[in-house]
Amino acid sequence: MQTLYLNRYQTDKAAKILIKGGIVAVPTETVYGLAADAFNERAILKIFDAKGRPSDNPLIVHIADLKDIYKVVSDFPLKAKKLAEKFWPGPLTMILPKNQEIPFAVSAGMDCVAVRFPSNKIAQDIIKKAGVPLVMPSANLSGKPSATKFRHVCDDLNGKVDAIVDGGDCYVGIESTVVSLLEDVPCILRPGAITPDDLEKAVGKVKVDKTVYEKLKPGQKVLSPGIKYKHYAPNAQVFIVKGTREKYANFVNSKDNLSSVALCFDEDIPFIKIPYISYGSELKAEQQAYNLFDALRKADEMKAKTVYAHFKDSGGVSMAVYNRLIRAAGFQIIEL
Ligand code: TXA
Ligand code: MG
């Protein structure tokens, strides 16, 4: 397939391709998404094909006007309304009872659906011009780090999709917070830039699902099917390393400097003697979120066999950074 490259002003063209049943990679504020008409089952199957995505992993439906919410959901309870008022448009996805018109492939046969109103103006423009809600999983090959730059999308999906829209870099850098509103107490299934604290300020008590931190046990039932699969992993093997700067530096400096890469903080750099990539200040989780997927992809470009990722909880968005790192690392943690 010949992939068409579009600039941010060619949203008419992107929308036309989508209306005709094509698939188009689109920038959002979190990560790039791979879009299709949410009601066109054949177009949706093309997405699963292009990404190599397991068919039981449901998709998020994206809207660009709150008026369209009932095209997607059958119930929009008070807490959902409050969250929408506070955080939409923005990096929050809500799981709600689905409108029965939502195709099987979107919800993976479940009774619920994920819905998000992105803040990125290019994404909004394309959704509005397409005139239908769009499904958008992250625009990466299944299992690989998500794409936060135009170049990442081209690396993964060139020749597999109808078009890619260049919207520059995604400013959040990790995917939206996913919160289920199917029960009275909202439950976070995937942490993101909108933190548990942010949500609690808007709607009171929220829970964090155990799978956010813990490896699934064989056969364990999950609320979010995506959790079952390998995620965010570069070709290199990743280890999370916890410990002081001194211990971390001593540890990585003892490793083979031809095949190992230190994924470290800016503050670590003066002490590291092997090849390194910094993913931001240890005090700024937002910076780490912004750089994380690019850093994991860079490790592959550097032909790393092993990546040692220094992690420190700096509050706020740290939970979301850790959630991605621990999956990239296949839950392998070294405590120094
Ligand atoms: O920021 C984002 O959310 C990006 C941008 C493009 O909008 N999209 C994204 O989609 O991250 P994806 O498909 O890569 O991740 C969606 C996650 C998956 O873990 C999936 O299992 C979960 O949301 N999900 C989707 N529908 C669900 C549902 N009905 N119930 C529970 N989990 C659901
Ligand atoms: Mg994804």
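For this chain, numbers begin at 1 and follow the sequence in order. Not measured: the values here are computed from a predicted model. Ligands are counted one by one from 1 in listed order, and the atoms in each one are counted from 1 as well.
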### Query
Got a donor-acceptor contact below 3.5 angstrom from the Ser176 side chain to the Val178 backbone?
no

### Task
Return yes when at least one N/O/S atom of Ser142 is nearer than 2.8 Å to the Mg ion (ligand 2), and no when none is.
no

### Task
Using a strict 4.0 Å cut-off to heavy atoms of His62, name the atoms of ligand 1 that fall inside it.
5 (C), 7 (O)

### Query
Of all residues at least two apart in sequence or in a different chain, which pass the side chain to side chain donor-acceptor pair (under 3.5 Å) check with Arg116?
Thr28, Glu29, Thr30

### Message
Salt bridge or not between Asp125 and Lys129? Use side-chain N to carboxylate O under 4.0 Å.
### Response
yes

### Query
Going through the checks in order, is the salt bridge (charged side-chain N to carboxylate O under 4.0 Å, His left out) test met by Lys201 and Asp197?
CA-CA 6 Å; Lys201 276 186 199 127; Asp197 261 8; 5.1 Å; no

### Message
At less than 4.0 angstrom from any non-hydrogen atom of Ala114, what atoms of ligand 1 do you find?
### Response
25 (C), 26 (N), 27 (C), 29 (N)

### Query
At the 4.0 Å heavy-atom cut-off, does Arg53 count as touching ligand 1?
yes

### Query
Hey, looking at atom 30 (N) of ligand 1, which of Met110, Arg116, His231 has the closest heavy atom?
Met110

### Query
Looking at Asn235, Asp155, Asp156, which one forms a side-chain hydrogen bond (donor to acceptor under 3.5 Å, both in side chains) with Lys144?
Asn235

### Query
Which of the atoms of ligand 1 are close to Gly33, meaning less than 4.0 Å from one of its heavy atoms?
6 (C)

### Query
Are the side chain of Tyr5 and the backbone N or O of Cys154 linked by a donor-acceptor pair below 3.5 Å?
no

### Summary
Nearest non-hydrogen contact to atom 15 (O) of ligand 1 from the set Glu29, Arg190, Glu175 belongs to Arg190

### Task
Tell me which one of Thr30, Val113, Leu34 gets a heavy atom nearest to atom 1 (O) of ligand 1.
Thr30

### Task
Heavy-atom distances under 4.0 Å are what count here, so tell me which part of Lys51 touches ligand 1: side chain, backbone, both or neither.
neither

### Query
Are Arg151 and Asp294 within salt-bridge range, i.e. N to O under 4.0 Å?
yes

### Task
Please could you name the atoms of ligand 1 that Asn57 approaches to less than 4.0 Å, counting only its heavy atoms?
18 (C), 20 (C), 21 (O)

### Summary
Quick note on ligand 1: atoms under 4.0 Å from a heavy atom of Ile95 include exactly 27 (C), 28 (C), 30 (N), 31 (C), 32 (N), 33 (C)

### Query
Is it true that Arg324 and Glu175 make a salt bridge, defined as a side-chain N closer than 4.0 Å to a carboxylate O?
yes

### Message
Which of the numbered atoms in ligand 1 are under 4.0 angstrom from any heavy atom belonging to Cys112?
### Response
29 (N), 30 (N)

### Query
Should you measure from each heavy atom of Pro137, which atoms of ligand 1 turn up under 4.0 Å away?
10 (O), 12 (P), 13 (O)

### Summary
Within 4.0 Å of some non-hydrogen atom of Ser176, the atoms of ligand 1 are 1 (O), 2 (C), 3 (O)

### Task
Of all the heavy-atom pairs spanning Ser138 and Val31, show the shortest one and how long it is.
CB-CG2, 3.9 Å

